[in-house]
Student: 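Input: one structure, supplied below.
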Protein chains: 2
Amino acid sequence: METAWDDQLRTAGLRVTRPRLSVLGVLAEHPHVDADTIATAARAVHPSISPQAVYGVLKALVGAGMARRIEPAGGTARYELRVGDNHHHLVCRGCGVIADVDCVVGAAPCLAPSDAAGFAVDEAEVVFWGLCADCQVARRQHSNATSTATGEGVRS
Amino acid sequence: METAWDDQLRTAGLRVTRPRLSVLGVLAEHPHVDADTIATAARAVHPSISPQAVYGVLKALVGAGMARRIEPAGGTARYELRVGDNHHHLVCRGCGVIADVDCVVGAAPCLAPSDAAGFAVDEAEVVFWGLCADCQVARRQHSNATSTATGEGVRS
DNA sequence: GTCCTTAAGTTGACTCACTCAAGACAACAC
DNA sequence: GTGTTGTCTTGAGTGAGTCAACTTAAGGAC
């Protein structure tokens, strides 16, 4: 399937291999997944793929500009195929789920620091931290259940 | 010295111990350092402090809101004492050095995503990536030295 | 000042994400 | 079909950080 990947890989100067096609397929279906999840999902297509092969494929894809690596604080590296549009991310403090946000400004670096301190800035990475809709509901229910019983409440 | 730390620790409900005072002293002198560097520097004051104690102290300080943990992608966790003013960071792609940038807007979250996708956003973390002044000079010199010989040049 | 409770530190083993190296295999130019 | 070489597999290793059990010492009660 997905012969588009073939072309993209070849254009990037990379050989077309089953592990690479599997990983690309997984990333297309599940954006913002970590290497381990990619390896597990890719094994559904290509059972013999090794974890190290996944790391190698991801490194190659990122190096070729076909994928982007994101590393929210406190979590493992995630990968996505959406590159080149300088978008940002919403990260849930509760469950760690990540959502894309289009950049309001446009091209990178979309923001300029007030004082660049001699730095040549080429990218402004923006991560919005908060609670996703599901976790807000869960937090409210938990808070209702415990606040009446114990008075326990806020958790940073 | 630094009896201010005593008060701050007690106010935060934490006991005043030598490892904690050592770590606070190191953080005050060297902002944006990693746990290992803190442990090494703290040993100058309190030679018997264990690496695990440093992790414990840092966790306690972050939990009490006296320190902030920052994790630039591709690096280890760094810690700083500057909390509560919602400032941001400049990170050098070359040497990894980190500099503070005052937030132009003020209180957190200083930015609002264009589409919050149901998230309750409480913080916008902005990291400016680029090259510090030193690395710009080094990169230029290296580029001059090699471009004439090999034509090598750009590196994302 | 002394005693006691318990938070905090020490020690040592462990987990997890990720990297490195060597040999086997397979994509693709010819 | 053949040869080259980039890629994958296998296995060992690294480093940041965590966990658990025991020991130590901070600080309140007396």
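Model, not experiment: these values are computed from the prediction. Just so we're on the same page: letters track the sequence lines, and every chain starts at 1.
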Student: Using the heavy-atom set of chain B and a strict 4.0 Å cut-off, write down the first and last nucleotide of DNA chain C that makes it in, 5' to 3'.
Tutor: C/dT6 to C/dA13
Student: Given side-chain contact (heavy atoms from CB on, under 4.5 Å), test B/L81 with B/R68 step by step and report yes or no.
Tutor: CA-CA 6 Å; B/L81 290 181; B/R68 184 173 162 198; over 6 Å; no
Student: B/E71: what forms a salt bridge (Lys or Arg N to Asp or Glu O under 4.0 Å) with it, not counting sequence neighbours?
Tutor: B/R69
Student: Which nucleotides of nucleotides 3-12 of chain D have their base under 4.0 Å from a protein heavy atom (B), which only their sugar-phosphate (S), and which neither (-), written as one string 5' to 3'?
Tutor: --BBSSBBBB
Student: Tell me if a side-chain donor or acceptor on B/Q136 pairs with a main-chain N or O of A/G118 at a distance below 3.5 Å.
Tutor: yes
Student: At 10 degrees resolution, what angle do the end axes of the helix from C/dG1-D/dC30 to C/dC30-D/dG1 form when each is taken over five base pairs?
Tutor: 40°
Student: Test side-chain contact (heavy atoms from CB on, under 4.5 Å) on A/V54 and A/D36; report intermediate values, then the result.
Tutor: CA-CA 8 Å; A/V54 173; A/D36 190 54; over 6 Å; no
Student: Run through the side-chain heavy atoms of Ile, Leu, Val, Met, Phe, Trp and Tyr, join any pair under 4.5 Å, and report what else lands in B/V127's cluster.
Tutor: B/I70, B/V91, B/I98, B/W129
Student: Identify, with sequence neighbours excluded, every residue that meets side-chain hydrogen bond (donor to acceptor under 3.5 Å, both in side chains) alongside B/H46.
Tutor: B/S48
Student: Measuring only between side-chain heavy atoms, which start at C-beta, is B/V101 closer than 4.5 Å to B/F128?
Tutor: yes
Student: How would you list, by chain and number, every residue that makes a salt bridge (Lys or Arg N to Asp or Glu O under 4.0 Å) with A/R43, sequence neighbours excluded?
Tutor: none
Student: For A/D134, which residues count as a side-chain hydrogen bond (donor to acceptor under 3.5 Å, both in side chains) partner, sequence neighbours excluded?
Tutor: none
Student: Which ones in residues 64-82 of chain B lie close to DNA chain D, meaning a heavy atom under 4.0 Å from one of its atoms?
Tutor: B/R69, B/T76, B/A77
Student: Excluding sequence neighbours, so at least two apart, what forms side-chain hydrogen bond (donor to acceptor under 3.5 Å, both in side chains) with B/D100?
Tutor: B/H32, B/R82, B/H87, B/H89
Student: Just jot down the side-chain hydrogen bond (donor to acceptor under 3.5 Å, both in side chains) partners of A/R15, sequence neighbours excluded, or say none.
Tutor: none
Student: List in chain and number order the residues that pass side-chain contact (heavy atoms from CB on, under 4.5 Å) with A/H30, two or more places apart in sequence or in another chain; answer none if no residue qualifies.
Tutor: A/V26, A/V33
